[in-house]
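Numbering starts at 1 and runs along the sequence shown. From a predicted model like this one, the values you see are computed outputs, not experimental measurements.
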Amino acid sequence: MNTSASPLSQEAIRIGTLVNGNLNVPGYIRQILPHGFESFQITFWQTLGAVKLPDLAREVKEVLAGSDTIISSIAIFGNPLETSPNDHLTLEGWKQAIDHAHLFGTNLVCGFAGRVRGKPLPESIPVFKKVFGELSKRAADKGVRIAFENCWMEGTWASGDWNIALNPAAWELMFDAVPASNIGIEWEPCHQLCQLIDPIPQLRKWVPRIFHVHGKDATVYRDVISTYGFNGPHPAVHHRHPGFGDTNWTDVISELRRHGFRGCIDIEGWHDPVYKGDLEMTGQVAALNYLKRCRGNSFVPNPSI
């Protein structure tokens, strides 16, 4: 048995959290690292702003030195299929993230698939094919994978502003249009529950195309739905930290393991209506410990026989 390898280095599934790339990333990671996060996804909204990825990579590497924690991925959430100035910056951010992912020690870049605004979803596919056909080749040349978050961003099949990767029918269109093995899904049960989709059968079918998991859950108020519907005066669903929502994450992680998933579950915070404000990190650490228990706690090597 190799006793030099740390137990964390043997984890097939790590549990971490998201970090806003436009804030003081090294300072933020330094503060929360002692809580036991095993990975970090560094995220950007629409643009990289003034951030220079090589400089950020160097600073993050210094903070993580001596720990076994990794950067799971770089993510940029915007609309790379459209033509406004911010949309162009989103597309440039994808290119920069793909080119510099290796500096962070990761081979994964995530984000929205984009959308032709206000049009039925299939009308986005030709533009998606052009943009991500090129990006997938750029990524493949650098050994990088691309994963699309399954966030519906209040879009529907008929219309939307941000993201076509909202359900399996859309994924099939996307993967048919760009049949590249290095593009997949950044999955979470929250966005499925919000559409009244049972996440576990979906997960079981799509695990081979799932490259990254967001640790976010949801509570669905079925009494509200049966009385007022989705668009009434009372919220029909709330996003939650794992452990406080409707999903049994033991089942989620068991399905991931059963199908050979190796990667990270990174908690997407800042959405829970209860564990927010001063309780944000309380909720995130509770979710971290809950997900570790659902995983089976920490890796334990088998005895040498």
Inspect the surroundings of [atom1] in [X] and state if more than 12 heavy atoms from other residues, nucleotides or ligands are less than 6.0 Å away.
X: Glu123; atom1: CD; value: yes
X: Phe230; atom1: CZ; value: yes
X: Asp278; atom1: CG; value: no

Looking at every heavy atom in both [X] and [Y], which two are closest together, and how far apart are they?
X: Val252; Y: Ile200; value: CG2-CD1, 3.8 Å
X: Ala12; Y: Arg257; value: CB-NH1, 4.3 Å
X: Pro54; Y: Leu103; value: CA-CD1, 3.8 Å
X: Ala101; Y: Val109; value: CB-CG2, 4.2 Å

Determine, for Arg204 against Asp198, whether the closest basic-nitrogen to carboxylate-oxygen distance falls under 4.0 angstrom.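 Between Asp198 and Arg204 there is no salt bridge, as every charged N stays at least 4.0 Å from the carboxylate O atoms.
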
Does the pair Arg258/Glu255 count as a salt bridge with the N-to-O cut at 4.0 Å?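 The answer is yes: the pair qualifies as a salt bridge.
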
Is it true that a side-chain atom of [X] and a backbone atom of [Y] form a donor plus acceptor pair closer than 3.5 Å?
X: Asn79; Y: Gly114; value: no
X: Glu186; Y: Ile146; value: no
X: Thr247; Y: Asp217; value: no
X: Ser124; Y: Val116; value: yes
X: Ser226; Y: Asp223; value: yes
X: Lys292; Y: Gly36; value: yes
X: Arg295; Y: Asn297; value: yes
X: Arg145; Y: Asn182; value: no
X: Asn150; Y: Ile185; value: no

Tell me, with the steps shown, if Asn163 and Trp152 meet side chain to side chain contact (heavy atoms under 4.5 Å, CB included). CA-CA 6 Å; Asn163 189 26; Trp152 56 318; over 6 Å; no

Other members of the hydrophobic cluster containing Leu279, with the 4.5 Å side-chain heavy-atom rule, please.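 Hydrophobic cluster check, Leu279: joined to Phe244, Val274, Tyr275.
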
Please collect all ring-ring contact (aromatic ring centres under 6.0 Å, His included) contacts where either partner lies in residues 61-110, sequence neighbours excluded, each pair once.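 Every ring-ring contact (aromatic ring centres under 6.0 Å, His included) pair that includes a residue of residues 61-110, provided the two are not neighbours, is Phe77-Phe112, Trp94-Phe132.
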
Can you find a pair of side-chain heavy atoms, one from [X] and one from [Y], that are under 4.5 Å apart?
X: His191; Y: His239; answer: yes
X: Asn22; Y: Leu48; answer: no
X: Leu81; Y: Lys130; answer: no
X: Val25; Y: Leu56; answer: yes
X: Leu193; Y: Cys190; answer: no
X: Ile98; Y: Lys142; answer: yes
X: Ile76; Y: Gln46; answer: no
X: Tyr28; Y: Val19; answer: yes

Gap separating the [atom1] atom of [X] from the [atom2] atom of [Y], nearest 0.5 angstrom:
X: Ile15; Y: Asn289; atom1: CD1; atom2: CG; value: 10.5 Å
X: Ser67; Y: Ile29; atom1: OG; atom2: CD1; value: 9.0 Å
X: Glu62; Y: Leu64; atom1: CD; atom2: CG; value: 10.5 Å
X: Asn86; Y: Trp45; atom1: CG; atom2: CH2; value: 10.0 Å
X: Ile210; Y: Glu188; atom1: CD1; atom2: CD; value: 11.0 Å
X: Ser298; Y: Glu11; atom1: OG; atom2: CD; value: 6.0 Å

For Phe175, give me all partners under ring-ring contact (aromatic ring centres under 6.0 Å, His included), at least two apart in sequence or on another chain.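 Here no residue qualifies.
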
Only counting residues at least two apart or in another chain, list the ones meeting side-chain hydrogen bond (donor to acceptor under 3.5 Å, both in side chains) with Asp99.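 With sequence neighbours excluded, Asp99 shows a side-chain hydrogen bond (donor to acceptor under 3.5 Å, both in side chains) to Arg138, given in chain and number order.
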
For Asn20, all residues meeting side-chain hydrogen bond (donor to acceptor under 3.5 Å, both in side chains), sequence neighbours excluded: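 In terms of side-chain hydrogen bond (donor to acceptor under 3.5 Å, both in side chains), with neighbours along the sequence ignored, Asn20 is linked to no residue.
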
Answer yes if the ring centres of Phe211 and Phe148 are under 6.0 angstrom apart, and no otherwise.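 Here the rings of Phe148 and Phe211 have centres that are no less than 6.0 Å from each other.
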
Give the intermediate values and the outcome of side chain to side chain contact (heavy atoms under 4.5 Å, CB included) for residues Val285 and Tyr290. CA-CA 8 Å; Val285 172; Tyr290 165 76; over 6 Å; no

Would [X] end up clustered with [Y] when hydrophobic side chains under 4.5 Å apart are linked, directly or stepwise?
X: Ile164; Y: Leu173; result: yes
X: Met153; Y: Leu121; result: no
X: Ile74; Y: Val63; result: yes
X: Met281; Y: Ile42; result: yes
X: Leu291; Y: Leu33; result: yes

Sort and list the pairs that fulfil side-chain hydrogen bond (donor to acceptor under 3.5 Å, both in side chains) and have at least one residue in residues 261-273, not counting sequence neighbours.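 Residue pairs with at least one partner in residues 261-273: Ser39-Asp266, Ser72-Asp266, His212-Asp266, His214-Glu268, Arg240-Asp272.
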
Let me see the working for His238 and Tyr221 under side-chain hydrogen bond (donor to acceptor under 3.5 Å, both in side chains), right down to the final yes or no. CA-CA 8 Å; His238 275 133; Tyr221 303 108; 3.1 Å; yes

Please assess Thr17 against Gln284 for the test side-chain hydrogen bond (donor to acceptor under 3.5 Å, both in side chains), listing each intermediate value before the final yes or no. CA-CA 8 Å; Thr17 192; Gln284 286 203 33; 2.6 Å; yes

Ignoring hydrogens and geometry beyond distance, is a side-chain donor-acceptor pair present between Asp87 and Thr90 at under 3.5 Å?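 Judged by distance alone, the side chains do not pair up.
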
For Gln41 and Cys110, run side chain to side chain contact (heavy atoms under 4.5 Å, CB included): C-alpha distance rounded to whole Å, both residues' side-chain angles, the deciding distance at 0.1 Å, then the answer. CA-CA 9 Å; Gln41 180 184 60; Cys110 306; 3.6 Å; yes

Using the ring of each side chain (for Trp, its six-membered ring), is Phe37 parallel, tilted or perpendicular to Phe40, with breaks at 30° and 60°?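 Judged by the thresholds at 30° and 60°, the geometry between Phe37 and Phe40 is tilted.
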
Criterion side chain to side chain contact (heavy atoms under 4.5 Å, CB included) on Arg115 and Glu82, from CA distance to verdict: CA-CA 7 Å; Arg115 182 161 188 158; Glu82 274 283 9; over 6 Å; no

Between Gln202 and Trp187, does a side-chain hydrogen bond (donor to acceptor under 3.5 Å, both in side chains) hold up when you go through it step by step? CA-CA 10 Å; Gln202 180 187 98; Trp187 186 86; 2.7 Å; yes

